[in-house]
Amino acid sequence: ERDPAGFEELSLSVLRLLGSGHYVVERQAEDLEAHFALGVDDYTHFTAPNRRYADIVTQRILKAVLAGAPSPYTDAELDAIAERCTTMEDKARSVERKVEKRAGVLLLQKKIGEQYDAVVTSIDKGRVFATLDSPAVDGRIVDGSPHLTPGARLRVAVQSVDVERGHVDFAQLKEAE
């Protein structure tokens, strides 16, 4: 409410800090922590079974519990399923990121020199990265100001693109006022 214009940057920063999720099997006998966001001890989550194998597994277990039947999976099978689901979701997320990056690069390929408003999203090993407001394309700020911090608003120009690598370089024009 205090800074609606900064909400998107804050939200993105929080999500990046959280990192990706992992599928885990927690057994009732274990000393379980409450769900980090909901604050409840007993929790499960699933979506449509045509989307994720983990959801099918969850629904099969719930069906067995409701029928008073034994679990359709051994503990070892559940651990293996959780590990595989995490691995496959990580791979899918990686492909999705690469496709999105290349799409952004293709979009900017013929816009060298055009100017955009952007926000600094991260700093890694002295390299500064930003996301354009619109279109939401990520890139590196070449020779950016050394005092930039995540969340800083600035004006940039598309300096170069590399479609093969999925990279965009921006030239910093000025910091937003």
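For the numbers below, each heavy atom of this structure counts, side chains included, while hydrogens, waters and symmetry mates do not.
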Whether the side chain of R127 engages the backbone of R140 through a donor-acceptor N/O pair (distance < 3.5 Å, no angle test) should be reported. no
Exercise. With a 4.5 Å heavy-atom cut-off, do I81 and Y53 have their side chains touching?
Worked result: yes
Original post:
Do L132 and L108 come close enough that some side-chain heavy atom pair is under 4.5 Å?
Top reply: yes
* Asked: What do you reckon, is CD of E114 surrounded by more than 12 foreign heavy atoms closer than 6.0 Å?
  -> yes
| Charged N to carboxylate O below 4.0 Å: is that the case for D117 and R155? | yes
Original post:
Is any side-chain heavy atom of L173 closer than 4.5 Å to a side-chain heavy atom of Q115?
Top reply: yes
Interatomic distance, CG@L66 vs CD@Q59, rounded to 0.5 Å, equals 11.5 Å
Shortest non-hydrogen pair, S71 vs I61, comes out as OG-CG1, 4.3 Å
Rounded to the nearest 0.5 angstrom, the OH-CG distance for Y73 and D79 is 13.5 Å
- So do the side chains of I112 and Q159 get within less than 4.5 Å of each other, counting heavy atoms only? no
Do R153 and D133 have side chains that approach each other closer than 4.5 Å (heavy atoms only, starting at C-beta)? yes
*asked:* With heavy-atom distances below 4.5 Å as the criterion, would you say the side chains of V120 and T149 are in contact?
replied: no
In short, P150 meets S122 closest at the heavy-atom pair CG-CA, 4.4 Å
Shortest non-hydrogen pair, V163 vs Q109, comes out as CG2-NE2, 3.6 Å
Here the side chain to side chain donor-acceptor pair (under 3.5 Å) pairs for residues 81-93, sequence neighbours left out, are Y23-E89, E89-R93, D90-R93
(message) Do F129 and V119 sit in one hydrophobic cluster, given that two such residues count as connected whenever their side-chain heavy atoms are within less than 4.5 Å of each other, even indirectly?
(response) no
Assigning hydrophobic clusters by single linkage (Ile, Leu, Val, Met, Phe, Trp, Tyr; side-chain heavy-atom cutoff under 4.5 Å), is V105 placed with V99? no
L148 vs Q172 side-chain heavy atoms within contact, under 4.5 Å:
yes
P72 and A64 have their tightest heavy-atom pair at CD-CB, 3.9 Å
Side chains of P135 and Y116, heavy atoms from C-beta outward: is any pair under 4.5 Å?
yes
For A118 and V156 the tightest heavy-atom approach is CB-CG2, 4.1 Å
Here the gap from R102 atom CZ to D162 atom CG, rounded to the nearest 0.5 Å, amounts to 9.0 Å
Closest heavy-atom pair, G113 versus A157, reported as atoms and distance to 0.1 Å, is O-CB, 4.0 Å
Output for pair (H167 NE2, R165 CZ), nearest 0.5 Å, gives 4.5 Å
| message | Test of understanding: clusters of I, L, V, M, F, W, Y form through side-chain heavy atoms closer than 4.5 Å, transitively. Do M88 and I56 belong to the same one? | response | no
